[in-house]
Asker: 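Mind looking over this structure? Questions follow.
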Amino acid sequence: MALKQLDHVRWLLDKDFKAGMRVTGLIYGDSYIIQNLEKEGALEQIANVACLPGILKHSYAMPDVHWGYGFPIGGVAAFSMDDGIISPGGVGYDISCGVRVMLTFLDQDEVKPHIDELTAAIFTKVPCGVGSKGAIKIGESDLLDVLANGALWAVKKGYGTKEDLECIEESGRLPHANASYVSKKALERGKPQLGTLGSGNHFLEIQVIDEIYDENVARRFGLNLGQVTVMIHCGSRGLGHQVCDDYIKVMLRAMTKYGIKVPDRQLCCAPLKSQEAREYLGAMQAAANYALANREIIGHMVRDVFLRFFPKAELKLLYDVSHNMAHIEKHELDGVIMDVCVHRKGATRAFPPDHPSLPEKYRPVGQPVIIPGSMGTESYILVGTKRGMEECFASTCHGAGRVLSRKAAMKSEDADTVLKRLEQKGIKVMADQMGTIREEIPEAYKDVSRVVDVVEKAGISRKVARLRPLAVIKG
DNA sequence: ATGTTC
């Protein structure tokens with residue numbers, strides 16, 4: 001057995017597991033999570049990532065890990081800027097897919113009597129579902145502006161406030177975006193979709209804070225028991241998908257050109273110093289800016305609707321963070337601080353207290369981390385820790401993580417039964433397509449509280465609060 | 001995730 005248990009929640013995948021592994025695998029999980037890992041091929045993928053050139057320390061797997069395109073979802077891998085690589089498969093098809101939480105100044109008792117109308121009004125306002133479009137109309141030059149400026153563009157156009165920006169990662173704008181590396185096809189797909197939620201696991205929830213674990217941090221974040229919040233989970237839509245598709249082809253050519261050998265073609269990549277890497281980074285950051293703008297615009301639309309019902313709602317942004325990104329960040333290795341390229345695919349950046357990238361108001365406690373649960377289950381707010389910074393490149397989990405494939409989930413139950421069950425729990429659900437409801441049944445996912453307990457026990461982030469859904473909008 | 005198989 002190549003997996004060595006280090007403590008209750010840490011497992012080391014030995015280099016003997018597979019020929020070509022340059023580093024060990026470090027997996028966070030309890031025994032249930034480790035069992036699931038073996039049966040679905042994720043373990044093999046963790047080992048494959050460990051074979052990539054220039055990988056640093058470990059190939060990491062968070063407790064929500066499961067099989068993905070090339071890299072596992074829930075995987076983290078950092079690469080040296082000197083001899084490392086960048087890979088579209090390590091970011092994922094939905095570039096900068098991520099999540100934000102907005103805080104109302106309303107108690108659940110004020111909102112509950114209006115929840116049906118409120119949810120219906122948001123459902124009408126925010127287009128959702130596969131191929132959804134038409135939230136706002138922009139031309140080619142505005143789209144280029146979005147790709148260059150992210151959420152800053154949205155705020156400039158009145159879709160959001162200046163105060164939002166400091167609570168978005170990278171202040172809402174990735175600086176090395178370069179739209180000239182984004183294909184015409186990607187631009188065409190993205191133009192009509194700005195301000196739309198999309199489909200799959202994307203959602204919009206109205207929630208209530210029903211448990212506080214850390215009073216001090218919760219106070220700093222502005223979280224109170226009974227307070228209503230809004231969570232938005234979506235990404236870069238067809239534009240990001242097309243960028244990934246385009247650059248997988250570029251990287252397959254680059255592998256031949258640079259003589260890179262990988263155990264799985266889906267891990268195709270290019271040296272970080274190459275022109276191909278520069279172009280992917282520019283295109284990926286442009287797609288990420290699209291996603292940041294998208295969440296800012298949707299947030300603004302939700303704010304509009306809430307204010308119509310409740311003039312004092314406010315909807316202050318707690319934080320907006322991506323969980324599908326490669327970032328070039330400073331990390332300490334063997335006592336030396338250096339730039340490294342951290343791929344987080346279905347994993348969340350979680351900066352510790354005092355990190356210079358954090359807005360000043362969060363510096364004393366650390367970065368808010370947002371962990372959505374599966375449909376109808378609780379979500380969590382965590383906070384980044386020093387140990388996470390030192391041990392796993394400031395990373396943590398991103399959600400519940402699938403245990404059933406979309407296809408397998410589709411077979412299990414009809415949508416009406418799922419909706420009825422959620423209704424009995426007092427959760428209002430509105431969806432564009434019933435197929436999505438079946439794909440997203442809670443049984444298709446791990447228990448998010450189990451996942452969060454693992455990262456807390458490991459000390460790579462800490463629980464702050466739990467959010468219970470009142471209403472869910474699905475694509 | 002995705003104009004859910006250009």
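The model shown is predicted, which means the values in this text are computed figures rather than measured ones. Heavy-atom basis, side chains included; hydrogens, waters and symmetry copies ignored. We name chains A, B, ... by the order of the sequence lines, and we start the count at 1 in each one.
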Asker: Identify whether any heavy atom of A:Ser199 sits under 4.0 Å from a base atom; if not, whether one sits that close to sugar-phosphate; answer base, sugar-phosphate or nothing.
Answerer: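 The residue A:Ser199 makes sugar-phosphate contact but no base contact.
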Asker: Side chains of A:Gln242 and A:Asp246: do they bring a donor and an acceptor to under 3.5 Å?
Answerer: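 A:Gln242 vs A:Asp246: donor-acceptor pair found between side chains.
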Asker: Could you walk me through whether A:Thr196 and A:Arg237 satisfy the side chain to side chain donor-acceptor pair (under 3.5 Å) test, starting with their C-alpha distance in whole Å, then the side-chain angles of each, then the deciding distance to 0.1 Å, before giving a yes or no?
Answerer: CA-CA 8 Å; A:Thr196 66; A:Arg237 310 287 289 108; 2.8 Å; yes
Asker: Rounded to whole angstroms, how far apart are CG on A:Asp94 and P on B:dT2?
Answerer: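 Taking CG of A:Asp94 and P of B:dT2, I get 6 Å after rounding.
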Asker: Describe the nucleic acid contact of A:Lys407 in one word from base, sugar-phosphate, nothing, applying a heavy-atom distance below 4.0 Å.
Answerer: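 Answer is nothing: A:Lys407 stays at 4.0 Å or more from every strand.
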Asker: Tell me the interatomic distance from A:Lys185, atom NZ, to B:dT2, atom P, rounded to whole angstroms.
Answerer: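 Rounding to the nearest Å, NZ of A:Lys185 and P of B:dT2 are 16 Å apart.
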Asker: Taking CD from A:Glu188 and C1' from B:dT2, how many angstroms apart are they, rounded to a whole number?
Answerer: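 Computing the A:Glu188:CD to B:dT2:C1' distance gives 17 Å.
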Asker: To the nearest Å, how far apart are A:Asp246 CG and B:dC6 C1'?
Answerer: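 Taking CG of A:Asp246 and C1' of B:dC6, I get 12 Å after rounding.
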Asker: Scan A:Gly238 against the nucleic acid and name what it touches under 4.0 Å (heavy atoms): base, sugar-phosphate only, or nothing.
Answerer: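 Sugar-phosphate: the residue A:Gly238, judged by heavy atoms under 4.0 Å, touches backbone atoms but no base.
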Asker: Looking only at side chains, do A:Asp94 and A:His202 share a donor and an acceptor under 3.5 Å apart?
Answerer: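 Yes - a donor-acceptor pair under 3.5 Å links their side chains.
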Asker: Tell me whether the rings of A:Tyr28 and A:Tyr60 are parallel (<30°), tilted (30 to 60°) or perpendicular (>60°).
Answerer: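 Plane angle under 30°, so parallel.
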Asker: In whole Å, I'd like the distance from the CG atom of A:Asp245 to the P atom of B:dT5.
Answerer: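 Rounded to whole Å, this separation is 12 Å.
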Asker: Rounding to a whole Å, what distance do you find between A:Asn324:CG and B:dT2:P?
Answerer: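 Roughly 11 Å, once rounded to whole Å.
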Asker: Would you mind telling me which residue lines up with the more 5' stretch of DNA chain B, A:Arg406 or A:Gln433, judged by nearest nucleotide?
Answerer: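 With A:Arg406 and A:Gln433 compared, the 5'-side residue is A:Arg406.
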Asker: Rounding to a whole Å, what distance do you find between A:Leu239:CG and B:dT2:P?
Answerer: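 Rounding to the nearest Å, CG of A:Leu239 and P of B:dT2 are 12 Å apart.
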Asker: CD1 of A:Ile248 versus C1' of B:dC6: gap in Å, rounded?
Answerer: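 That distance rounds to 15 Å.
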